[in-house]
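First up is the structure itself, then whatever we jot down about it.
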There are 2 protein chains.
Amino acid sequence: MATPSASSAIELLRSHSLTTLVRRELERRILVGELAPGDKLNEADLASELKVSRGPVREAFRALDQAGLVRTEKNRGVFVRQVSVEEADEIYEVRAGLDEMIGRLAAERATAEEVGELREMVKRMQQVARGKDVAAYYPLNVRFHDRLADVSGNRTLAATYRRLVNELHLHRRETLARGPDSFPISTREHAAIVEAISRGDAELAGQLLREHAMESRDRLHATIAKKGQVTK
Amino acid sequence: MATPSASSAIELLRSHSLTTLVRRELERRILVGELAPGDKLNEADLASELKVSRGPVREAFRALDQAGLVRTEKNRGVFVRQVSVEEADEIYEVRAGLDEMIGRLAAERATAEEVGELREMVKRMQQVARGKDVAAYYPLNVRFHDRLADVSGNRTLAATYRRLVNELHLHRRETLARGPDSFPISTREHAAIVEAISRGDAELAGQLLREHAMESRDRLHATIAKKGQVTK
DNA sequence: GCCATGCAGATTGTTGACAATCTACAAACG
DNA sequence: CGTTTGTAGATTGTCAACAATCTGCATGGC
């Protein structure tokens, strides 16, 4: 490893085609909100902006479509996917089940280092939470759950989970425009989850994570009810 | 509706680009076994065989890659995905959880017609089962579970389920080459599942479907053990 | 005999051009 | 005045050609 930066650059070029890079960039823009649900993605514009031809852009579109982040209408274009409340509700339902599996498996398989890492993440979240800074808390929360999915040791489970969470990000992006974000700071729950995992209590970890997910779902329903009063 | 065939043809042309058609054809070939796991897919050959240019073929590749049916190696080509026993084990684990959700929701939401349809499918499977014709039984079994996923009423759940089942088909294709298929004829279990759904017993339906999936997983483990003896 | 080096063919990655389709606006008709 | 038809511009779908990379084999050096 004489030139780590050079070798990593080589590795970057070796595995990443333009299609992959375009795909990542678009995924980033969508999840970060630069591209809002319903926005149209113009092939030519994106191609010239990213300094590539339309081919890689189109290939990236097909991948993003399959990933559920955009929807394609023939001869009309591709649009950032809009996730309705009904869909979000369905997704939450599945996510709750996956979260329970993640909790169970994580409790069974987590190593001491992994538990330590999770504890560290919870601690960081608690620090941020004191400032009531939702904007800073949100990504930490996402990464915590993401890491939890990895700790489950089941790659298929983690990949399936991430896919659904991405779609829920989409829904959040959609509703975010209508009003301020009321994201919950639930560090206590997180701490309890990590403790259950630490003790190897699969049943409890699964139950806690399921409930944690269900609360998100219930919050969605509460928001629907409130929006229903205000908007119409 | 004066010319239903014509209007359906129009609808076909309206929504299906060449990319979509190529994608479907390749998916069919992979799931039916015409393309075996590990096989390389040559862009130019496929393009000329399907009478299209390489563009749509490449776009179909990106979608199939994201769908988990092929894997892409930059500058080397795309290959039909190989699902190892470890991966299959992971997938089964997730599938068992999804199946439980499907059972629960189906029991809660299934209409009388849907239950009737499921009963009909079980009956057909029983008829085929008497002939011990595994080749004929297998697709019926797949369609039964597929329909069950729809009956759950949760499209996200059904889509997630199908994706995993496709990957398991891949694993089956891979192991099928090594020896005869020992697919189980479990019409009794299917009948019990439908009955639980019919009675609206969500708990039981979920439990039965989970066990049903777990048996597939256990069969995989048994096969591994046996293969381990024979092969090495 | 064995390994490194360097072509030659094949295959993938990317691009720009052409064809088909859609959208918006304006003119013509009832 | 409203509806319809037609046309121009923009956008997507498809294609064929060019560039970059890989694979296999032969040649040469040790």
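Here is the naming used below: chain letters follow the sequence lines, and residue numbers restart at 1 for every chain. Just so it is clear, the values below take in all heavy atoms, side chains as well, and ignore hydrogens, waters and symmetry mates.
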### Message
The side chain of B/Asn42 is closest to which nucleotide in this list: C/dT15, C/dT12, D/dC22?
### Response
C/dT12
### Task
Please report, rounded to the nearest Å, how far the P atom of C/dT21 is from the CD atom of A/Glu43.
16 Å
#### Entry: Contact check, side chains of A/Phe79 and A/Asp39, non-hydrogen atoms, under 4.5 Å
no
### Task
May I ask you to decide whether A/Arg155 forms a salt bridge with B/Glu90, counting only side-chain N to carboxylate O separations under 4.0 Å?
no
### Task
For the side chain of B/Leu18, starting at C-beta, report the closest nucleotide among D/dT14, C/dT12, C/dT14.
D/dT14
### Query
Heavy-atom count around A/Arg147 CZ within 6.0 Å, excluding the residue itself: above 12?
yes
### Task
Please say whether more than 12 non-hydrogen atoms of neighbouring residues, nucleotides or ligands are located less than 6.0 Å from CZ in A/Arg143.
no
All N/O pairs under 3.5 Å across the protein-nucleotides 17-21 of chain D interface:
residue: D/dT21; atom: O3'; partner: B/Asn75; partner atom: ND2; Å: 3.3

### Task
May I ask you to decide if B/Val83's main-chain N or O and B/Glu174's side chain share a donor-acceptor pair within less than 3.5 Å?
yes
### Query
Does atom CZ of B/Arg217 have more than 12 heavy-atom neighbours from other groups under 6.0 Å away?
yes
### Query
Got a salt bridge between A/Arg162 and A/Asp150, using NZ or NE/NH1/NH2 to carboxylate O under 4.0 Å?
yes
#### Entry: Selection: residues 56-68 of chain B, any non-hydrogen atom under 4.0 Å of DNA chain C
B/Arg58, B/Arg62
